[in-house]
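Working notes for the structure below.
For the single chain, residues carry numbers from 1 onward in sequence order.
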Amino acid sequence: MRRRQKRLVQAAGLILLTVLFVHNTGLWSLHKGKQFVSPAEAIQGLPIKVRQNAIFTGMALRKKDWHDNEGIRADAAKSGFGEQGKPVPMSDEDRSDKAYNENGFNIYVSDKISLNRSLPDIRHPNCKNKLYMEKLPNSSIIIPFHNEGWSSLLRTVHSILNRSPPELIEEIILVDDFSDREHLKKRLEEYMARFPKVRILRTKKREGLIRTRLLGASMATAEVITFLDSHCEANVNWLPPLLDRIAQNRKTIVCPMIDVIQHDHFGYSTQSGDAMRGAFDWEMYYKRIPIPPELRKPDPSDPFESPVMAGGLFAVERKWFWELGGYDTGLEIWGGEQYEISFKVSRMQCLSE
């Protein structure tokens, strides 16, 4: 088997999708195939070439700027605790162990920050000029949670609704893995009732991350499934780049490269180092490794190949996810899902060639 055939993960543009502990800027996509190279493809309004397995064809492939400029200007004018992704000043009480006991991050600080807080646009400057298809598939956003903090969960939902084109969000499915905290029961249902696109599913017993995700995926109705964590914040123009790659090739799996929200003061920053590929060592620990010089693109905001995807946040065409077999329901230990999906895509690609 050629080594080239094993490298099936390819990046899908730099975006801003922030997640607590692990958040965003850049996309990866899982597929083998050449990138578009025609200069005409970068010009707004011109049709682009149709790839095999493309979801949309013809006039649907015309490109547009998906940025919500009005929303960007409104965010830029905000000030207050945590606004613009700035660290929140911490009191002695904020630093107490009790602030971290329930979630592993400082829920006292989280509670001080607006549910609609602004974040800095720290994407590569070239991302601001990127155009994506006028017609994109819609997505079901799947968010599993267990005993998640109130403000961190709500901020996740608010950020998705605030920074996503409405026509691209079919639904947001919150999947409760048998939480026992009171704020996640009737109070959560009453709060989410104000958002027609949000619905809540609940497991009947503790299932774990993978089976909880599978429950959400089984109930999804959109063309694309996007998995997110329950303590994340979507940033500027985060969704169109994900969906654009899948629209070009339905067998693409697209992952955001992840920025950081600091777990103490919730300050926002990029991950250390430049855009990197996913890999693993012989003990099966996930690693970020530099992109080899021969694989680097002239435009650093362009997609890049990676042998392994990150497992926490990604978008996949719904039918393709199930053709791959979904997740193995026997996965019990956190972290194995990133290898499983990567290996399944590699195997399917090899079988088809």
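Between H158 and Y191, the ring-plane angle classifies as tilted under the 30° and 60° cut-offs. F266 and F105 have perpendicular rings, their planes meeting at more than 60° on a 0 to 90° scale where under 30° would count as parallel.
Cluster annotation: V308 and Y285 are assigned to distinct hydrophobic clusters (Ile/Leu/Val/Met/Phe/Trp/Tyr, side-chain heavy-atom contacts under 4.5 Å, transitive). Hydrophobic clustering keeps F178 apart from I210 (ILVMFWY residues linked when any side-chain heavy atoms are closer than 4.5 Å, directly or through intermediates). Hydrophobic clustering, with ILVMFWY side chains joined whenever heavy atoms are under 4.5 angstrom apart, groups F195 together with L115.
Separating the CG atom in L215 from the CG atom in D176 is a distance of 10.0 Å, to the nearest 0.5 Å. Taking CH2 from W66 and OG from S164, the interatomic distance works out to 11.0 Å, rounded to the nearest 0.5 Å. Residue N162 holds its CG atom at 11.0 Å from OG of S118, rounded to the nearest 0.5 Å. Note: M276 CE to R288 CZ = 5.0 Å, rounded to the nearest 0.5 Å. For the atom pair CG (D92) and OG (S96), the distance works out to 9.5 Å, reported to the nearest 0.5 Å. In this structure, OG1 on T226 lies 4.0 Å from CD1 on I141, to the nearest 0.5 angstrom.
Listed for the R155 side chain is a donor-acceptor partner under 3.5 Å among the backbone atoms of I113. Under the 3.5 Å distance criterion, the side-chain polar atoms of D94 are matched with a main-chain donor or acceptor of S91. In this structure, S179 contributes its side chain and R181 its backbone to no donor-acceptor pair below 3.5 Å.
Taking both residues in full, the closest heavy atoms of I172 and I169 are given as CG1-CG2, 4.1 Å, listed atom of the first, atom of the second, then distance. Considering every non-hydrogen atom in both P89 and K112, the closest pair reads O-NZ, 4.4 Å.
Taking the centre and axis of the six-membered ring of W238, the NZ or CZ atom of R123 falls outside the cone set by 45° and 6.0 Å. For the pair K319 and W322, the cation-pi criterion (under 6.0 Å, within 45° of the ring axis) is not fulfilled.
For the pair R199/M219, a side-chain contact is recorded, criterion being any heavy-atom separation below 4.5 Å from C-beta on. Side-chain atoms of I341 and V316, non-hydrogen and from C-beta on, never get closer than 4.5 Å to each other. Using a 4.5 Å heavy-atom threshold, the side chains of D264 and M90 count as touching. Contact of the I160 side chain with the L228 side chain is registered, since non-hydrogen atoms from C-beta on lie closer than 4.5 Å. Inter-residue side-chain proximity for T270 and V260 is flagged as unmet; no heavy-atom pair is nearer than 4.5 Å. Two residues are said to be in side-chain contact when any heavy atoms from C-beta on lie closer than 4.5 Å; L136 and P240 meet this criterion. Taking the side chain as every heavy atom from C-beta outward, E337 and R213 approach each other to under 4.5 Å. Residues R163 and D75 are in side-chain contact: their nearest non-hydrogen atoms beyond the backbone lie under 4.5 Å apart.
Of the N and O atoms on the side chains of T156 and E233, not one donor lies less than 3.5 Å from an acceptor on the other residue. Looking only at atom types and distance, the side chain of N147 has a donor-acceptor partner in the side chain of D180 under 3.5 Å away. At a cut-off of 3.5 Å, with distance as the only test, no side-chain donor of Q338 or S342 sits close to an acceptor on the other residue. Defined by atom type and a distance below 3.5 Å, a donor-acceptor pair is present between the side-chain atoms of S110 and S151. Checked by atom type, the side-chain pair T212/E207 shows no donor-acceptor distance below 3.5 Å.
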Do R318 and E223 pass the salt bridge (charged side-chain N to carboxylate O under 4.0 Å, His left out) test, and can you show the C-alpha distance, the side-chain angles, and the key distance before you say yes or no? CA-CA 6 Å; R318 179 167 56 90; E223 296 162 281; over 6 Å; no
- request: I would like to know whether E70 and R73 meet salt bridge (charged side-chain N to carboxylate O under 4.0 Å, His left out); could you show each step before the answer?
  value: CA-CA 5 Å; E70 183 178 346; R73 287 191 293 270; 5.6 Å; no
Intermediate values then yes/no, salt bridge (charged side-chain N to carboxylate O under 4.0 Å, His left out), E332 and R211
CA-CA 9 Å; E332 298 285 352; R211 289 186 292 273; 3.1 Å; yes
| task | Check the pair D229, I143 against side-chain contact (heavy atoms from CB on, under 4.5 Å), reporting the backbone distance first and the verdict last. | result | CA-CA 6 Å; D229 284 343; I143 303 173; over 6 Å; no
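Ring centroid separation for the pair Y286 and F280 does not come in under the 6.0 Å cut-off. Within the 6.0 Å centre-distance limit, the rings of Y327 and F321 are counted as a close aromatic pair.
Few gaps surround NZ on K197; more than 12 heavy atoms of other groups in view lie less than 6.0 Å from it. More than 12 heavy atoms of other residues, nucleotides or ligands sit less than 6.0 Å from atom CD of E167.
Salt-bridge annotation for K130 and D65: absent, with no side-chain N of the basic residue lying under 4.0 Å from a carboxylate O of the acidic one. Under a 4.0 Å N-O distance rule, the pair E323/K344 does not qualify as a salt bridge. With salt bridges taken as basic N to acidic carboxylate O contacts below 4.0 Å, none links E294 and R296. Classification of R202 and E189 as a salt-bridged pair holds, one side-chain N sitting under 4.0 Å from a carboxylate O. Ionic pairing of E134 and K63 is not present here: no N-O contact between side-chain nitrogen and carboxylate oxygen is shorter than 4.0 angstrom. Ion pair D177/R206 flagged as a salt bridge, since at least one NZ, NE, NH1 or NH2 atom sits closer than 4.0 Å to an Asp/Glu carboxylate oxygen.
In this view, N126 and D299 satisfy the side chain to side chain donor-acceptor pair (under 3.5 Å) rule, not counting sequence neighbours.
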